[in-house]
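To keep things clear, I will list the structure first and then write my remarks on it.
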Amino acid sequence: MGQLSFKLKAWLSITLLVFFVLVINYITDSATGIFYALIISVLLAWLFPVKHSLFILLIYNLLIGVQFNYLGSEFVSKTSQYVLFFIYLGVSVFSFIISLVAYRQQNAKEELRMLNTELKATQVLLADSSRINERLRISRELHDLIGHHLTALTLNLEAASHMTEGKPQSYVKKAHSIARLLLSDVREVVGKFRQSGTLDLGLAVTELLEGLPGLKVEKHIPEEFLVEDPKLAQTILRCAQELITNTMKHAQATIIHVSLNRTATSVTLVVQDNGIGLGHAKAGNGMTGMAERVKLLDGTYQCESNKGLKSILTFPI
């Protein structure tokens, strides 16, 4: 409904502008209105797709061309009338092209900024993943190299303690005790290193929200929102990325609120905007892919379209 309302307002606005241009020309019995008609050429690229824009450009210029046949007070001859019309037509088309280029450049800048933000967010998770992998590698090296040798040393010292007597035996037992203590310390260190690492999901999502053009960002993300499962962290980040991108492209919103919450059994991502909502729009490839990601992790996806769109994604831990 919101999307339909915007399109309807755009069509009504352009229709009224064209009507006013024709009325101005008629009342003044001159071509004064064509200067206001250039505003329409500039607005078209920002309000409609290119095909619709070209259609409107053609129609209202034809209407103005027809009206020129009935405007005679300021024209000395028909030739000057046609010359002025074709000059106006050229300026009108040129204005539309310049506006279209500016519109596409603006979109390209926003897409580039989003890609840069997504890259930074991914780098956060990648850095944490690299740290976790390095810890696992070190733990394997400690276990395979030092752990095995210390175990063999402990067994040999245990055997030596039964084969010696007197003062040498006390030194052997002391060495055996130190070797066992060192083996225990190595096992403890290896155990800590092999524990699942944590990914700073909160920092990654915060990076996604940096400098969104045209949007006021409200966020509720606890400091050091850590997640142990790399697949879960990546899925939540991709879902947040999709919802933020959709808000920027389609929602026509001015405010976006993002929150991350955790309970003992689940992690919840909530993205809400004050835009036009879903209306009768169908889910695109991005939303379909997001729903599939959520389902793969046995999560749930809910959306509420009331004074904007509110998306609630819940993932079990």
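Along the sequence shown, the residues carry numbers beginning at 1. Everything numeric in this text was worked out from a predicted model, so none of it was measured.
- Neither Tyr103 nor Val42 shares a network with the other; the hydrophobic side chains, linked directly or stepwise wherever heavy atoms of I, L, V, M, F, W or Y lie under 4.5 Å apart, form separate groups for each.
- Looking at heavy atoms from C-beta onward, Leu243 lies out of side-chain contact with Asp273 at the 4.5 angstrom threshold.
- Rounding to the nearest 0.5 Å places CD of Gln272 at 10.5 Å from OG1 of Thr247.
- Ring planes of His52 and Trp11: tilted class, angle from 30 to 60°.
- Distance check: Lys51 NZ to Ile56 CD1 gives 14.5 Å after rounding to the nearest 0.5 Å.
- Of all the heavy atoms in Trp46 and Ser99, the pair that sits closest is NE1-OG, 2.9 Å.
- Between Leu260 and Gly202, the shortest heavy-atom contact is CD1-CA, 4.2 Å.
- Ser95 contributes a side-chain N or O that, together with a main-chain N or O of Val91, makes up a donor-acceptor pair within less than 3.5 Å.
- When Thr268, Ile317, Leu201 are each tested for a side chain to side chain contact (heavy atoms under 4.5 Å, CB included) with Arg262, only one passes: Ile317.
- The same ILVMFWY cluster, assembled from side-chain heavy atoms under 4.5 Å apart, contains both Ile14 and Val50.
- The shortest distance between side-chain heavy atoms of Ile59 and Val18 does not fall below 4.5 Å.
- The line from CG of Asn274 to CD1 of Ile256 is 9.5 Å long, rounded to the nearest 0.5 Å.
- Note on Ile64 and Phe35: same hydrophobic cluster, where clusters join Ile, Leu, Val, Met, Phe, Trp and Tyr whose side-chain heavy atoms are under 4.5 Å apart, directly or indirectly.
- Defined by atom type and a distance below 3.5 Å, a donor-acceptor pair is present between the side-chain atoms of Ser266 and Thr263.
- The distance from atom CG of Leu8 to atom OG of Ser13, rounded to the nearest 0.5 Å, is 9.0 Å.
- Looking at Leu269 and Thr314, their side chains never come closer than 4.5 Å, going by heavy atoms from C-beta outward.
- At least one donor-acceptor pair closer than 3.5 Å links the side chain of Gln67 to the backbone N or O of Leu22.
- Between Glu304 and Leu309 the shortest side-chain heavy-atom distance does not fall below 4.5 Å.
- Nearest approach of Leu209 to Val217, heavy atoms of both residues: O-CG2, 3.7 Å.
- Under a hydrophobic clustering in which Ile, Leu, Val, Met, Phe, Trp and Tyr are joined whenever their side-chain heavy atoms come within less than 4.5 Å, directly or via other members, Leu58 and Ile98 fall into different clusters.
- Its side chain within the 4.5 Å cluster rule, Ile312 clusters with Val270 among the Ile, Leu, Val, Met, Phe, Trp and Tyr residues.
- Annotation: side chain of Leu57 is in contact with side chain of Ser92 (closest heavy-atom distance under 4.5 Å).
- Within the model, atoms NE2 of His257 and NZ of Lys216 stand 12.0 Å from one another, a figure rounded to the nearest 0.5 Å.
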Which donor-acceptor pairs under 3.5 Å do side chains of residues 290-301 form with protein atoms, sequence neighbours excluded?
none

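- The minimum heavy-atom distance between Ala45 and Phe96, with the atom names listed, is N-CE1, 4.0 Å.
- Proximity of Pro316 to Thr265: side-chain heavy atoms (C-beta onward) are nowhere separated by under 4.5 Å.
- Residues meeting the ring-ring contact (aromatic ring centres under 6.0 Å, His included) test with Tyr60, sequence neighbours left out: none.
- Within the 4.5 Å cutoff, no side-chain heavy atoms of Ser41 are placed close to those of Val93.
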### Task
Show your working on side chain to side chain contact (heavy atoms under 4.5 Å, CB included) between Ile221 and Leu203 and close with a plain yes or no.
CA-CA 9 Å; Ile221 302 175; Leu203 180 58; over 6 Å; no
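- Here CD1 of Ile34 is found 7.5 Å from CG of Asn25. Values are rounded to the nearest 0.5 Å.
- Proximity of Leu313 to Val271: side-chain heavy atoms (C-beta onward) are nowhere separated by under 4.5 Å.
- Linking Ile, Leu, Val, Met, Phe, Trp and Tyr residues whenever their side-chain heavy atoms come within less than 4.5 Å places Val21 and Ile39 in a single cluster.
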